[in-house]
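Report on one structure; see the data block that follows.
No experiment lies behind these values; they were computed from the predicted model shown.
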Amino acid sequence: MKQQTVPIHTEYIQIDQLLKLKGVIETGGQVKGLIDDQVLTLNGTIVTEKRKKCRVGDVIGVEGLDVEFIVTKEEA
């Protein structure tokens, strides 16, 4: 499985924003389908919140994609 970093300069990024940023979804509303299908994970746990906060060190997975997203601290 490939890993891609998602650098952030804030305390957290919402999971829907992260997925839009990485091109997995086009609109924030599309995250609901991923949640309903139970294919979205945060640190190995199925995500049930549309605006779940992802912090530095968190790993986000989407079943069916051969990639994990890792939240990192953006360097100044």
Side-chain angles (χ1 to χ4, degrees):
M1 174 148 327
K2 291 183 250 174
Q3 296 182 334
Q4 289 185 15
T5 60
V6 181
I8 62 171
H9 63 277
T10 56
E11 179 185 347
Y12 65 86
I13 184 171
Q14 292 179 178
I15 201 160
D16 58 336
Q17 295 171 338
L18 182 146
L19 294 174
K20 282 194 314 187
L21 180 69
K22 297 310 282 182
V24 175
I25 58 175
E26 292 181 16
T27 67
Q30 289 176 317
V31 76
K32 186 177 181 330
L34 297 176
I35 291 170
D36 289 347
D37 293 342
Q38 297 187 337
V39 297
L40 188 57
T41 60
L42 175 64
N43 299 326
T45 303
I46 293 175
V47 174
T48 58
E49 300 173 48
K50 179 177 172 178
R51 292 183 174 90
K52 183 74 176 167
K53 294 177 181 175
C54 302
R55 301 176 193 284
V56 172
D58 284 345
V59 178
I60 297 86
V62 182
E63 187 178 310
L65 292 184
D66 190 30
V67 66
E68 290 180 326
F69 302 107
I70 301 172
V71 181
T72 61
K73 185 74 175 162
E74 183 175 81
E75 298 191 21

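If you take CD1 on Ile13 and CG on Leu18, they are separated by 5.0 Å, rounding to the nearest 0.5 Å. With values rounded to the nearest 0.5 angstrom, Phe69 atom CZ is found 13.0 Å from Leu42 atom CG.
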If you look only at distance, which donor and acceptor atoms sit under 3.5 Å apart when one is on a side chain in residues 45-66 and the other is two or more places apart or in another chain?
| residue | atom | partner | partner atom | Å |
| --- | --- | --- | --- | --- |
| Arg55 | NH1 | Glu11 | OE2 | 2.9 |
| Asp58 | OD1 | Asn43 | ND2 | 2.9 |
| Asp58 | OD2 | Arg55 | N | 2.7 |

Got a list of side-chain donor-acceptor pairs under 3.5 Å for residues 20-28, not counting sequence neighbours?
| residue | atom | partner | partner atom | Å |
| --- | --- | --- | --- | --- |
| Lys22 | NZ | Gln4 | OE1 | 3.3 |

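Enclosure of atom NZ in Lys73 by more than 12 non-hydrogen atoms of other residues, nucleotides or ligands within 6.0 angstrom is indicated.
For the pair Val6 and Ile70, the minimum side-chain heavy-atom distance is 4.5 Å or more. With a 4.5 Å cut-off on side-chain heavy atoms, Val31 and Leu19 count as touching.
Between the side chain of Thr10 and the main chain of Tyr12, a donor-acceptor pair closer than 3.5 Å is present.
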Taking it one step at a time, do Leu40 and Ile15 satisfy side-chain contact (heavy atoms from CB on, under 4.5 Å)?
CA-CA 10 Å; Leu40 188 57; Ile15 201 160; 3.9 Å; yes
